[in-house]
Amino acid sequence: MSRKLDRMLVLLFTAACGTLLYIPTGFEASVSASSRHAKARVVTADDSGIRSTRMIKTGTQVLDALFVNGEFEGRGVSVVNELKGSMEVDEIFRSGDTVLVEYARSDEGVVTAAFARGKYRLDLTLGLLALFGLLLVVTAGWTGAKALLSFAFALLMLWKVLFPALLRGYDPILITMAVAIALIGCVSFLVGGAGRKGLVTFLGSLLGLLLTCGLAMALTPRFGIHGAVLPFAPSLLYAGFFDIPLTRLFISGVFLAASGALMDVAMDIAASMDELIQKRPDMTMGEHIASGLAVGRSVVGTMATTLLLAYSSSYSAMLMVFMGQGVPLSNVFNLSHVSAEVLHTLVGSLGLVAVAPSTALVGGLVYRWGRRREASVALCP
C-alpha cells in the first residue's frame, strides 16, 4: 500500500510540475513583444565611450559581435553595453567573450537595436543543473529522483505561484505560509515516503515553521526593522509596486528561509526513529522519543552554525568595511541591516531548537499509534 501511495505521489507532483511549467505568471506582457534574446560572440570592443573615475566606469561600450544562435545565426550585429557606474552589475567585454544579447527587429527582419545583458552563463547553469540531477540520482537512486522532483516543484512554486502572488498584492505572510506548507508536504512525503516517516517529518517541520513565523512576527517590530533592508526592496517601489508591504515581506522571508533547515532536521530525526523502530520493534514510546531527542541534539548543534554561516556570508564585505574603519561592535550590531541578519539567524535557530523535540514527540506518538493499530489488526480473526 505504501509503495502504491508513493507512486501516486510521484505522479501527482510530476503532473503538478508540468502544470506549473505552462502556467503564465501574468507578467510576461511587461516584456516588449519585439524583444528577443540570442547568444553572440564578441569580435571587437570599442571602449572610447567609457569614462573612468578611479574604479567607477560609466558610459557606453560598443561591441561588434556575431550571433551564435537564433534567427540571425552567423550574422554580425552592433551591440551596446551600457555602464551605469555600479561595479556589482556592470561588465566589460573583450574579444572572444560570449554575451547574451537582447535585440529588437523590424517587420522587414532587420535588427534595429541590440544591448548586452551580461556574459552568457545559461549553458553553464544548465550543465550544472544536469550534473546535480545526475549525481543525485546515481548516489541516492529512487529517493534521489524523488528529491530532484521536489527540487523542481520548489523552484516552480516560487517562480509561478509565490512571486506573482506577492506582486499582485496578496498578503506576504499568508501566501508564503501556504507555499511553505506545500513545499514541506512535497519534500516530506516524496523523500520520506508516503508513510509514518513522511508524516512525522511533515508534522515536525510544520510545528517548527509555525513557531518561526510567530517569533518573526513578534520580534520584527520590536527590533524596529522595516522591509527596506531587503536587497532590491526599494526597486520594487520604483517599479510601481507601491502596495507591497515590505515589512511583512521581510517577515515572510525569515520563516521561508528557515523552512529548508527545519525540514532537514525533522527528516533526520524521523528517519532515525523509523530505522530504530524497524530494528527494535519492542522499544517503548519513552525510549523511542529519547532516541529521537538524542539525534536531534546532534543535528541542531551543527545546523544552527550552518544558518549563521549561510546568512553572514552574504554580508562579509560589509562587516569587513566596518572592521577596517574601526567601527565599534555596538554600532555594527545596532545597524538595521546587521540586526536583520541577527534576527534571521536567531529566529531560524530557535525554530531549529524547537523542531527537534517536536519531531521526536510527534514521532513517538505516530509510531505508537501505528503499532497499536497493527497489533489490533493482527488480533482480529
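It should be emphasised that the depicted structure is a prediction, and the values quoted were computed from it without experimental measurement.
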Considering residues, nucleotides and ligands other than [X], do more than 12 of their heavy atoms fall under 6.0 Å from its [atom1]?
{"X": "Phe322", "atom1": "CZ", "answer": "yes"}
{"X": "Asp123", "atom1": "CG", "answer": "yes"}
{"X": "Arg117", "atom1": "CZ", "answer": "yes"}
{"X": "Phe333", "atom1": "CZ", "answer": "no"}
{"X": "Arg168", "atom1": "CZ", "answer": "yes"}
{"X": "Arg222", "atom1": "CZ", "answer": "no"}
{"X": "Met8", "atom1": "CE", "answer": "no"}

Using only atom types and a distance under 3.5 Å, with no angle test, would you say the side chain of [X] pairs donor to acceptor with the backbone of [Y]?
{"X": "Asp268", "Y": "Val265", "result": "no"}
{"X": "Ser188", "Y": "Gly185", "result": "no"}
{"X": "Asp90", "Y": "Ser86", "result": "yes"}
{"X": "Thr58", "Y": "Lys84", "result": "no"}
{"X": "Thr53", "Y": "Ile56", "result": "no"}
{"X": "Ser259", "Y": "Leu256", "result": "yes"}
{"X": "Lys197", "Y": "Ala271", "result": "no"}

Min side-chain heavy-atom separation Leu236-Leu249 under 4.5 Å: yes
Report yes if the side chains of Val42 and Arg94 come closer than 4.5 Å at any heavy-atom pair, otherwise no.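 They are not in side-chain contact.
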For the atom pair [atom1] ([X]) and [atom2] ([Y]), what is the distance rounded to the nearest 0.5 Å?
{"X": "Leu83", "Y": "Glu91", "atom1": "CG", "atom2": "CD", "answer": "10.0 Å"}
{"X": "Phe13", "Y": "Cys186", "atom1": "CZ", "atom2": "SG", "answer": "4.5 Å"}
{"X": "Ile244", "Y": "Asp171", "atom1": "CD1", "atom2": "CG", "answer": "12.0 Å"}
{"X": "Leu219", "Y": "Ile225", "atom1": "CG", "atom2": "CD1", "answer": "9.5 Å"}
{"X": "Ile181", "Y": "Phe202", "atom1": "CD1", "atom2": "CZ", "answer": "6.5 Å"}
{"X": "Ile173", "Y": "Ile251", "atom1": "CD1", "atom2": "CD1", "answer": "4.5 Å"}

According to a hydrophobic-cluster definition based on side-chain heavy atoms being under 4.5 Å apart (Ile, Leu, Val, Met, Phe, Trp, Tyr only), do [X] and [Y] belong together?
{"X": "Leu329", "Y": "Leu319", "value": "yes"}
{"X": "Tyr120", "Y": "Tyr103", "value": "no"}
{"X": "Val43", "Y": "Val77", "value": "no"}
{"X": "Met273", "Y": "Val295", "value": "yes"}
{"X": "Phe223", "Y": "Phe255", "value": "yes"}

Working for side chain to side chain contact (heavy atoms under 4.5 Å, CB included), residues Val101 and Phe72: CA-CA 12 Å; Val101 175; Phe72 296 108; over 6 Å; no
As a quick check of understanding, evaluate side chain to side chain contact (heavy atoms under 4.5 Å, CB included) for Thr220 and Leu343, giving each step before the final call. CA-CA 8 Å; Thr220 297; Leu343 181 65; 3.4 Å; yes
Return the minimal non-hydrogen interatomic distance between [X] and [Y], and the atom names on each side.
{"X": "Ser150", "Y": "Val191", "value": "OG-CG2, 4.3 Å"}
{"X": "Val355", "Y": "Thr359", "value": "O-OG1, 2.7 Å"}
{"X": "Gln61", "Y": "Phe93", "value": "NE2-O, 3.0 Å"}
{"X": "Gly109", "Y": "Arg105", "value": "CA-NH2, 3.2 Å"}
{"X": "Leu66", "Y": "Gly74", "value": "CD2-O, 3.9 Å"}
{"X": "Leu5", "Y": "Ala194", "value": "CB-CB, 3.6 Å"}

Are Lys4 and Asp6 ion-paired here, with the side-chain N under 4.0 Å from a carboxylate O?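 No.
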Tell me which one of His337, His344, His226 satisfies ring-ring contact (aromatic ring centres under 6.0 Å, His included) with Phe250.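 The ring-ring contact (aromatic ring centres under 6.0 Å, His included) with Phe250 is passed solely by His344 among His337, His344, His226.
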Can Phe153 and Val187 be said to form a side chain to side chain contact (heavy atoms under 4.5 Å, CB included), step by step? CA-CA 9 Å; Phe153 181 73; Val187 174; over 6 Å; no
